[in-house]
Amino acid sequence: MANVKLRIIVATAIIFLLSLLLILWLVLRRSHAFFLTGSLDAVLIFAILVWSVVRHALLGPPIRCIEVAVAALALVVLLTVVSLSCLHRCSATFYVTASLDAAVAVAFISWVVARRVKALRRKRGEPEQVESEEEEVPLAYTFYREVIGLPRRFRYEELKAATEDFRTPIGRGGSGSVFKGFLGDDLPIAVKRIEGEVRGEKEFRTEITAILSVQHINLVRIIGYCLLAKSYRFLVYEFYENGSLDGWIFPRSGRERCLAWALRYQVAMDVAKALAYLHHDCRVRILHLDVKPENILLDQSFRAHVSDFGISRLVQGDESKVITTLRGTRGYLAPEWFLGIGISDKSDVYSYGMVLLELVGGRRNARATDHGNFSEPRWSYFPKNASEKMREGKLMEAVDERMLGKGGDVKEEELIKLVYIALWCIQEKPELRPSMALVVNMLEGHVAVSMPPETKMFMVDLTSPGDIEHATGD
Ligand SMILES: Nc1ncnc2c1ncn2[C@@H]1O[C@H](COP(=O)(O)OP(=O)(O)OP(=O)(O)O)[C@@H](O)[C@H]1O
């Protein structure tokens, strides 16, 4: 790729040099009228070429073939007009009008050709490269970006080759599909293809903006991105071998994957640290707003990495609450989303609490229990069950039974701590919930955790998805 760019730059420089020599030669031989028109055209060519090269050198996007083509075409037209006028010994007025006409004609023809090419590509379903500067995320200084691990821009062809034409899908979310690929021979990557013009564009920009300002071992690592005008946007992530947490805690027919207790506790800690970092340790605070098992990715050693910043919010200064439209995933949404009183970092705390309970129970928090053919399903809400068991002092009965069967590696002390923290996190009043920093301290044992107060959990019923999981499985 670098070679192609280099060749374009060299070719451009040669064309420019030749045109300068030619103009000089003509200037020495011809009249003032020629000098005027010749210079005008030369300035035009020069401006296009310099713009192209400077844009490439400073901002990173490749030189566009159309720019080089327009410059070369303008040069050819200029030479033709000059040769013709020399042959016919035309007047100064002729030089001026012919040159101006030629310049306008060149501009018009290039514009028509560029539009035609675009239309043809779109018809063939081929995505186009971004053509305007405004669509480029302003990331300068590629070298430094790579050194400090910031995302780099990929070309569509690179991603196509890396994923063997998007052959292996590994997941699908609300905004698009995720494919596995390899960079070079051995660096596995996950390529997320964000589809849809309006939502896709918004999610893409949010994710890039959020992720650019954060780096933490428990956050997903973004390797790069690719912009294609209108059709698709791509985000390139490090590939996490063990996929998302949901696959390891919810039983699925045909797959016996059950995360051991120690790893569940570790995941709880990793996610808490990631959220504490976003809420308290970033220069611009970040609310994730979509904490759920599908957005927690597990690497080879089951360390957790929080992903999907598509709907996150950056919070400036001392802004404590944000009013925003309802988004996120039902079942993990805090009551304040529905009450319209503004959301805050405590809304992430609530979602985190719901995830903790699912880690413990090995089931979705809302589950339809068996029902007859014609009756409405009845719902069982794990947060309520866990709260009851906690008060009865029988928390072991609430644990994912698949773990109990395996020789009981569940540590009761840790179990009590997790459930206490979870029930604090899902308190209906945001001010009663702990901050994520406090949660980390509790998990690490620096701060004791008291038994949470009883709540009616009205909102657990209301905010549950209702149809997310049936008693028979996930
Ligand atoms: N870096 C990655 N490594 C391994 N698997 C991944 C990676 N990124 C995503 N996946 C898989 O792809 C699935 C879909 O991911 P994606 O972020 O698009 O969707 P989602 O979070 O489920 O949905 P939504 O975007 O609607 O919140 C994930 O649940 C996960 O299983």
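Because the structure is a prediction, the values reported are computed rather than measured. Note that ligands are numbered from 1 as they come in the structure, with each ligand's atoms numbered from 1 the same way. We use all heavy atoms of the structure for the numbers below, so side chains are in, but hydrogens, waters and symmetry mates are not.
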- [ ] Please answer whether the main-chain N or O of Asn218 pairs with a side-chain N or O of Arg303 as donor and acceptor at a distance below 3.5 Å.
- [x]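 Absent.
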TODO: Have a look at Leu297, Ile311, Asp290 and point out the one with the heavy atom closest to atom 8 (N) of ligand 1.
DONE: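 It is Leu297 whose heavy atom sits nearest to atom 8 (N) of ligand 1.
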Task: The one among Lys192, Glu294, Glu241, Lys180 that brings a heavy atom closest to atom 18 (O) of ligand 1 - done: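 It is Lys192 that holds the nearest heavy atom.
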- [ ] Determine, for Phe239 and Lys180, whether the Lys NZ or Arg CZ falls below 6.0 Å from the six-membered ring centre while staying within 45 degrees of the axis.
- [x]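 Flagged: Lys180 positioned over aromatic ring of Phe239.
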Open item on the list: Given the ring of Phe382, does Arg363 sit roughly above its face, with NZ or CZ under 6.0 Å from the centre of the six-membered ring and within 45° of the axis?
Closed with: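 That pair does not qualify as a cation-pi contact.
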[X] neighbourhood, listing ligand 1 atoms whose heavy-atom distance to it stays under 4.0 Å:
X: Ala190; value: 1 (N), 2 (C), 3 (N), 7 (C)
X: Phe239; value: 3 (N), 4 (C)
X: Lys292; value: 27 (O)

Open item on the list: How long is the straight-line distance from CD of Glu238 back to CD1 of Ile222, given to the nearest 0.5 Å?
Closed with: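 If I round to the nearest 0.5 Å, the distance is 11.5 Å.
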Open item on the list: Nearest 0.5 angstrom please: Asp348 CG to Ile343 CD1, how far?
Closed with: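 Nearest 0.5 Å value for the CG-CD1 distance: 8.0 Å.
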- [ ] Under the salt bridge (charged side-chain N to carboxylate O under 4.0 Å, His left out) rule, what do Lys292 and Asp308 come out as? Steps first, then yes or no, please.
- [x] CA-CA 10 Å; Lys292 59 178 178 178; Asp308 205 346; 5.9 Å; no
Open item on the list: If you apply the rule salt bridge (charged side-chain N to carboxylate O under 4.0 Å, His left out), what do you find for Glu294 with Arg364, and how did you get there?
Closed with: CA-CA 12 Å; Glu294 288 76 2; Arg364 299 276 184 190; 2.9 Å; yes
Hey, does [X] come in under 3.5 Å of ligand 1, counting only N/O atoms on both sides?
X: Tyr237; result: no
X: Tyr240; result: yes
X: Asn295; result: yes

- [ ] Please state whether Glu238 comes within less than 4.0 angstrom of ligand 1, counting heavy atoms only.
- [x]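 Glu238: in contact with ligand 1 (<4.0 Å).
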